[in-house]
Every structure is written in structure tokens, then in C-alpha cells.
Amino acid sequence: MNFKTKELKELEDLLNFDYGSKEPASTEAELYTALRRQSSIEHDAAEAERRARAAAEEKARNEARAHAEARARAAAEERARYEARVRAATEERARYEARVQAEARARAAAEERARYEARVQAEAKARAVAEEKARSEARAQAEARLLEERRAAEQERLRMNALEEEAARKKAQEEAYARYRANSANNAGVTSSTKANRKAEKKAAKRAAAGAASKKAARGAAKAAKGAKFSKALATIYVIALAAFAAVMTVMNVLPFKYLIAMYVVLGILSLIIVAQLCRVRIKKWARALATFMAIILISVYGLGCAYALGTLDFLSGSSVKNDAKVGKISEDSFNVLITGMDVWGTIDEPGRSDVNMIVTVNPKTATILLTSIPRDYEIRMPNYGYATDKLTHTGFYSQDTTIQAIEDLLSIDINYYVKVNFDTIVRFVDAIGGLDIYNETEFRGSLNDHLYEQGNIHVQGRGALYYARERKAFSEGDNQRVKNQQIIFSAMLEKAMSSKTMILSYSNVLNSMDDYFQMSFSSREVRTLVKMQLAKNPKWKIYKNTLYGQGANKTTYTGGSQLLYVTEQNATSIAYSSGLINAVLEGQTLEENEDKTISIVGAEEGENQ
């Protein structure tokens, strides 16, 4: 800052003045005055500079305070927004849990009401049956009394008739004996003519008997001809039914070749015997009756077999959808199946969240099955929505393809098939196969059905199995334990469904229970091929279980928008491990379960498990 003033310039002029031309006194006074003026000017300049520095420092401090206050206000506002988001997420989660609990209570109330109505109906039916039984017994007793009275009256009538006939016979004998004694003396010459008349009467009686026998024979011959005609018609129907059954079983192609040939040979021999007996003219009555009975029984069996076969084809065709990712030979090539479970009741077309997601990796050559479960809240990307980030369960709102593409992107694998089920599917299927026998590691009481699941081996029916697989609030591990229970239920369903006994005894029940509650991308031929392979080889399947894991966090999602939702963050190690196990099974390598329930890859299979 330039502090040079007018006074300073004057001082410089004085200092440069020629003092030789002035008086000394005046010169000293002027010099003293100039020095004082210079000192005052320097003091003013220093004071002005100090005040300027102080003002600059104060301004800097004010600006620093303003910046700090602005940053504090921004931080407070950001924290307030974060706390608001957390409160909103907490409130939304509380509302969601309240809705779930309300729905559970409503379902429990509906089930209780249904059970009560069922009990009322059962009691009404029981009362109606008891009343009908009482009325039937009363009618039977009245009819028995009436029949007894009629029988007694008939016996009395017969006895009276017998007495009257006996009296008339005795009277006729007495009259005849009297006439004989009266005319015996006078009619001695008529004896010979009486004998001749008696012979004529005997001949006439013989001719009448012969005529009656011929008429009876004619009626028997007509009846036999009518029976032979019926037998031939029955034989024709039998041959047609047998041909239709053989054609349907051949088209179905579900029985192994050796079983099919054995069945055809047995039925062929039996059919030859039955048809030969039905077509014979001279045959004993018991033989014809036996052949007729066997023919009717086998025609019924053929009809039921054709109905079951055609029903199977119709069910498989109706439940199957088009699939471009299928494998070449399903009985030889390994493949991945996505089991997706929707959290809704009703038919399979009801929309909902994809609450259960399990990849079933199958290798028919090594008889190995790997179950890989993915938690419902696992963080995924949706390729067909610009790789947007969301929770896996939300993909069910969009489409089945969205769920498949998200899992393929997560694990870097190909999903060849999918099976879509919901709550009703599980309940109906488990009930149809007669329930499941499982081992429960920890005793707990279900929060959805208030049922105590004891530790150890237990038997569960449809709803019990569903609530066992859905329970998470009773466990400290929450969703992780629920995933383990889902694997327990699914593996038990697999083991029982793949047994030959269940396939034969519960086949029709399964088909009837799954209609409109099941969807898959397997073709009808592929399902029949798998059934045929299971019946032919009956392999001992080795089933392994694995689950992806991650760390829980609150994040925004594509579906939730700006709202914070609970998400299980991806764990790169778990994803790589699960992908490696899946590829190992697909490639035919051997898996081994360790003591800590983890799975190790041993190596390639040396031989195929047949």
C-alpha cells in the first residue's frame, strides 16, 4: 500500500533544501517541525496498515465461520434425511411384517373356520348316516316281520291244502273201491278191454313225455346259441381293447423295453386262452363263466390304463411351455433346473414374489444331484432391465425370464429348465404322495401354524411341510435356516417321488392334484424319458446341498425406488464356490461332503453309475 502523502513530499523537499541560504534558527525550527510531521505520518501509516491487516484477518475468520456453519448445516440436513430414510424403511418393514402377520392370522382364521365347517358338515353327515341307518334298520325289521307273517300264512295254506288233498284222495279211493266191488261180478268180460286201454294210455303218456323233452332240448339249444353269440361279441371287444391298450402304451413309451415285452407276452398268452374259451361252441358252463369274468376284468383294466395314459399326456402337455434352452438327451446329458416358488395361494398363474429359488443340477450318468439355494433377498442384476440392481425375490413381479436371466448373470451358468410352483403346489403334491419323513435337527414351534416340530425323525403332510419350509422367525439364523429347511423338504420330495413304489401307487393322485398348480419347461417326451430311466435303472441318487451367503444391508432397489430395503449383499467367494460346484457336477466330477457340511470336489468319475 502506498502511504506517500503531501507532507512526506514536503519533508523530502526540506531535506534536499540548501541550508546555506537560510538562517540557522529558522532552519532548525523548520527541520524539527518536519521531523515531527514525518513521525506522525509514519505512525498513521503503521496504524492504517495494522487496521487493514486486522480487518483482513477478521474477514477471513468470518468467512471461515460461515463455511463451517454451512458445512455443519449441510451435515445436519444430510443426517436428518438419512434418519428420515431409516425411519421410513423401518416403518415400511414394520408395515410389511404387520401385513404378513395379518395375512397369516387371516389364513389361520380361514383355515380354522374351514376346519370348523368341515367338522360341522362331518357331524351333520354322521347324524344323517345314523338316522338313515336307523330308518333302514326299522324298515328291515318291518320287512322281516312282514316276511315272517307271509311265510307263516303260506305254510298254513299249504298245510290246509295238503289236508284237503289227502281227504279228497282217501274219498276217491273209497269210491273207486266201492265201484270196483259193485262191478267186479258183472264186468268179468270187460277185463281184457280195460288192459288194452291201459296200454294205450301208457303209450300216449310216453309220446307226451318225448314231445316235452324235445321242446326242452330246443329251448336249451336256442339259449346256448344266444350265449355263444354274446361270447363272440365279448371276444371281439376284448381284442379291440387289448389293441388300443398296446397302442397307447407304445406311444407313451414310459415303461422300460424289457418290462414292456414281458407285459405284452403275459397279456398275449392270457388273451389267447380267454378268446379261445369264449369262441368255443361246446364248453362247460363254469369255463365260459370264468372266461367271461376274466375278459370283463381285463377290458376294465385296459380302459383304466388308456385313461391314465391319455390323462398323463394331457397333463404334461398342459403344464409344459416352450423351451429353447433344453439339452440334447435328457437321460444322458447333465442339466440345470431352476425351482422357483411363488409366495401366493391359488393357481399357478397368480402373480407374486419369487420367494424360493433353488438350482437343481442333475447329472444322469453319475447319478448326482446338487441343490444350490439362493436367499430371497440376495442382490442381483436384471440384464433385461439395463442390469438394474434389485432383490432376487422382486424378479417374480416381472417375468420368469427375468428371474432366470438374473441367476444366470449371478453365477455365470446356463439354466436349461425351470419348474414353477406355489403354496398350493407343495401342499397338494406332498399330500398326494402320502406325506414326507424328515429329520428335524432343532425343535421349534412354527409361527405360522403354532405347531410344535419335535427334534428327530418326524412325518409331515402337505401344510405341515409348507410351514416347515417357510419358518424363519423361530430361528436365530433367520433366513439362512429357512433355506436349509427348504432343502430338507425338497430333497425328501425328490427321494420319495423318484422311488418306483411311489410312481406306481401314487401316480394318478399326483396328476389329479397338480392340475392348474404347476408349470414347467420340460417337454412331455423329456418327462416320460426321465420316468423310463428311473424305472429301468433305479439309480441310487447322491444329493448334495449348498447355499449362497452374503452380508445384510439396507439399500435402494430398482423395484423399491428411493426407499431403503433389506438386501443380502453379494459375496464373491460364495458365488465363485457355488459356480464351481455346479460346473463340477455338470462335468461329471465327484463331490464329497465334509464333516462341517461343506462340499469338496474330488475329481472326475471313473465309471458311470447305472
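Please read these numbers as outputs of a predicted model, since none were measured by experiment.
- In summary, the side chains of Asn357 and Ser373 do not present any donor paired with an acceptor at a separation below 3.5 Å, with no hydrogens or angles considered.
- Side-chain N/O atoms of Thr442 and Tyr453 include no donor and acceptor closer than 3.5 Å.
- Residues satisfying the side-chain hydrogen bond (donor to acceptor under 3.5 Å, both in side chains) test with Arg445, not counting sequence neighbours, are none.
- By the 6.0 Å contact criterion, CZ on Arg107 is enclosed, its count of non-hydrogen atoms from other residues, nucleotides or ligands being greater than 12.
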side-chain contact (heavy atoms from CB on, under 4.5 Å) between Ile582 and Asn546, worked out: CA-CA 10 Å; Ile582 292 173; Asn546 176 47; over 6 Å; no

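- Here Glu97 pairs with Arg93 under the side-chain contact (heavy atoms from CB on, under 4.5 Å) rule; sequence neighbours left out.
- A donor-acceptor pair is defined here as one N or O able to donate and one able to accept, closer than 3.5 Å; no such pair exists between the side chain of Tyr468 and the backbone of Asn440.
- Between the side chain of Ser578 and the main chain of Ile575, no donor-acceptor pair closer than 3.5 Å is present.
- In this structure a side-chain-to-backbone donor-acceptor pair under 3.5 Å is present from Asp333 to Lys329.
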Verdict with supporting geometry, Glu526 and Tyr417, side-chain contact (heavy atoms from CB on, under 4.5 Å): CA-CA 11 Å; Glu526 287 173 328; Tyr417 303 95; 2.7 Å; yes

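- The side-chain contact (heavy atoms from CB on, under 4.5 Å) search around Tyr116 returns Arg119, Val120, not counting sequence neighbours.
- The side-chain hydrogen bond (donor to acceptor under 3.5 Å, both in side chains) check on Glu131 picks up nothing, with sequence neighbours excluded.
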From CA spacing to verdict: side-chain hydrogen bond (donor to acceptor under 3.5 Å, both in side chains), Ser399, Asp401: CA-CA 5 Å; Ser399 67; Asp401 289 338; 5.1 Å; no

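- The backbone N or O of Val527 lies less than 3.5 Å from no partner atom in the side chain of Thr529, so there is not a single donor-acceptor pair.
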Could you give the side-chain donor-acceptor pairs of residues 421-436 under 3.5 Å, partners two or more places apart or in another chain?
unit_1: Asn422; atom_1: OD1; unit_2: Asp424; atom_2: N; d: 3.1
unit_1: Asn422; atom_1: OD1; unit_2: Thr425; atom_2: N; d: 3.1
unit_1: Asn422; atom_1: OD1; unit_2: Thr425; atom_2: OG1; d: 2.9
unit_1: Asn422; atom_1: ND2; unit_2: Gly346; atom_2: O; d: 2.8
unit_1: Asn422; atom_1: ND2; unit_2: Thr347; atom_2: O; d: 3.2
unit_1: Asp424; atom_1: OD2; unit_2: Gly346; atom_2: N; d: 2.5
unit_1: Thr425; atom_1: OG1; unit_2: Asn422; atom_2: N; d: 3.1
unit_1: Thr425; atom_1: OG1; unit_2: Tyr517; atom_2: O; d: 2.4
unit_1: Arg428; atom_1: NH2; unit_2: Tyr517; atom_2: OH; d: 3.2
unit_1: Asp431; atom_1: OD1; unit_2: Gln461; atom_2: NE2; d: 3.2
unit_1: Asp431; atom_1: OD1; unit_2: Gly462; atom_2: N; d: 2.8

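- Under a cut-off of 6.0 angstrom, the local environment of CD in Gln551 is sparse, with at most 12 non-hydrogen atoms contributed by other residues, nucleotides or ligands.
- Panel note: side chain Thr395, backbone Leu392; a donor-acceptor pair is recorded below 3.5 Å.
- Counting only residues at least two apart or in different chains, ring-ring contact (aromatic ring centres under 6.0 Å, His included) contacts with residues 542-569 comprise Tyr385-Tyr558.
- Residue pairs meeting the ring-ring contact (aromatic ring centres under 6.0 Å, His included) criterion with at least one member in residues 348-382, sequence neighbours excluded, do not occur.
- Remark: Asn336 engages Thr361 in a side-chain hydrogen bond (donor to acceptor under 3.5 Å, both in side chains) (not counting sequence neighbours).
- Counted within 6.0 Å of CD on Gln563, heavy atoms from surrounding residues, nucleotides or ligands total more than 12; the atom is thus considered enclosed.
- Partners of Ser600 according to the side-chain hydrogen bond (donor to acceptor under 3.5 Å, both in side chains) rule, which considers only residues two or more places apart in sequence or in another chain, are Asn594.
- When atom types are taken as modelled, the side chain of Glu471 and the backbone of Lys473 share a donor-acceptor pair closer than 3.5 angstrom.
- Annotation: side chain of Ile339 is in contact with side chain of Phe490 (closest heavy-atom distance under 4.5 Å).
- Taking 4.5 Å as the limit, every side-chain heavy atom of His394 sits out of range of all side-chain heavy atoms of Ser354.
- The ring pair (Phe, Tyr, Trp, His ring centres under 6.0 Å) search around His459 returns none, not counting sequence neighbours.
- Surrounding CZ of Phe397 are more than 12 heavy atoms belonging to other residues, nucleotides or ligands, all under 6.0 Å away.
- The shortest distance between side-chain heavy atoms of Asn485 and Ile489 does not fall below 4.5 Å.
- Residues forming a ring pair (Phe, Tyr, Trp, His ring centres under 6.0 Å) with Tyr264 (at least two apart in sequence, or on another chain): none.
- A 4.5 Å side-chain heavy-atom check between Phe522 and Ile330 finds at least one atom pair inside the cut-off.
- The side-chain contact (heavy atoms from CB on, under 4.5 Å) search around Lys484 returns Glu477, Gln481, not counting sequence neighbours.
- Taking a cutoff of 4.0 Å between a charged side-chain nitrogen and a carboxylate oxygen, Lys545 and Glu593 do not qualify as a salt bridge.
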Worked check of side-chain hydrogen bond (donor to acceptor under 3.5 Å, both in side chains) between Thr559 and Asp390: CA-CA 7 Å; Thr559 303; Asp390 209 327; 2.4 Å; yes

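- The backbone N or O of Asn416 sits nowhere less than 3.5 Å from a side-chain atom of Asp414 that would complete a donor-acceptor pair.
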Test log, rule side-chain contact (heavy atoms from CB on, under 4.5 Å), inputs Asp377 and Thr393: CA-CA 6 Å; Asp377 296 322; Thr393 185; 4.3 Å; yes

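- Using a 4.5 Å heavy-atom threshold, the side chains of Ile407 and Ile380 count as separate.
- Minimum interatomic distance between Val344 and Gly352 (heavy atoms only, all atoms of both residues): CG1-CA, 4.0 Å.
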Worked check of side-chain contact (heavy atoms from CB on, under 4.5 Å) between Phe335 and Leu586: CA-CA 7 Å; Phe335 54 89; Leu586 293 175; 5.7 Å; no

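- Judged by distance alone, with hydrogens and angles left aside, the side-chain atoms of Glu408 form a donor-acceptor pair with the main-chain N or O of Ile415 at under 3.5 Å.
- Minimum heavy-atom separation, Arg482 to Arg470: CD-O, 3.1 Å.
- Remark: the backbone N or O of Gly550 is not paired with any side-chain donor or acceptor of Thr568 at under 3.5 angstrom.
- The number of heavy-atom neighbours closer than 6.0 Å to CZ of Arg113, taken from other residues, nucleotides and ligands shown, is 12 or below.
- Residues Leu267 and Tyr302 meet the side-chain proximity criterion, which asks for heavy atoms closer than 4.5 Å.
- A donor-acceptor pair under 3.5 Å links the side-chain atoms of Thr250 to the main chain of Ala246, judged by distance alone.
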